[in-house]
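Have a look at the structure below before the remarks.
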Amino acid sequence: MERTNRVADHVVLGPAPEVEEVCIYLDGKPIPAKKGEPVMSALVAAGVTVFRHTAKGSPRRMFCGIGRCTDCVMKVDGVPGVRTCVTRVRDGMRVERQEGKGSWAEEAADGKA
Ligand code: FES
């Protein structure tokens with residue numbers, strides 16, 4: 001059995017299905033992922049240790065893993081504050097580390113997104 005850092009059986013989302021390999025982007029860098037797995041799981045498997053920084057600059061990473069603590073929030077496809085531990089991977093997702101509460105993408109603020 002292959003040993004990885006991936007979450008095989010999430011307490012909220014359930015067992016990870018056998019699915020295709022896709023690609024997401026962390027701050028523009030390609031990261032291999034499995035379609036439908038929690039974004040957090042793909043990031044941890046890729047060795048990501050910092051998901052965001054608080055308003056005071058403290059680094060945060062996955063903590064509760066069930067959508068309760070907000071330590072894993074990131075900007076996903078231009079939307080800040082997304083809980084990556086309970087958000088499923090879609091091919092081509094753009095994930096960005098956020099500072100503090102994050103900010104909306106310029107396109108969204110302009111009403112273009
Ligand atoms: S790790 Fe706590 S909300 Fe995601």
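Counting starts at 1 for both ligands and their atoms, following the listed order.
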Close-contact set for ligand 1 against [X] heavy atoms, below 4.0 Å:
X	result
Arg68	3 (S)
Gly67	3 (S)
Cys85	1 (S), 3 (S), 4 (Fe)
Phe63	1 (S)
Gly65	1 (S), 2 (Fe)
Cys69	1 (S), 2 (Fe), 3 (S)

Taking every non-hydrogen atom, the tightest pair across [X] and [Y]:
X	Y	answer
Gln98	Met74	OE1-C, 3.3 Å
Arg61	Thr49	CB-O, 3.1 Å
Ala42	Pro32	CB-O, 4.2 Å
Val89	Val39	CG2-CA, 3.8 Å

Note: Thr70, heavy atoms under 4.0 Å from ligand 1, region reported as backbone

Quiz item: Backbone, side chain, both or neither: what part of Met40 comes under 4.0 angstrom of ligand 1, heavy atoms only?
Solution: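 Neither part.
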
Requested in this report: Could you tell me whether the side chain of Thr70 reaches within less than 4.5 Å of the side chain of Arg52, counting heavy atoms only?
Outcome: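 When only atoms from C-beta onward are counted, Thr70 and Arg52 do touch, with a gap below 4.5 Å.
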
Side chains of Ile31 and Tyr25, heavy atoms from C-beta outward: is any pair under 4.5 Å?
no

_Please determine whether Cys72 has a backbone or side-chain N, O or S atom lying under 2.8 Å from atom 2 (Fe) of ligand 1._
no

- Message: Taking the six-membered ring of Phe51 as reference, does the cationic atom of Arg60 (NZ for Lys, CZ for Arg) lie under 6.0 Å from its centre and within 45° of its axis?
- Response: no

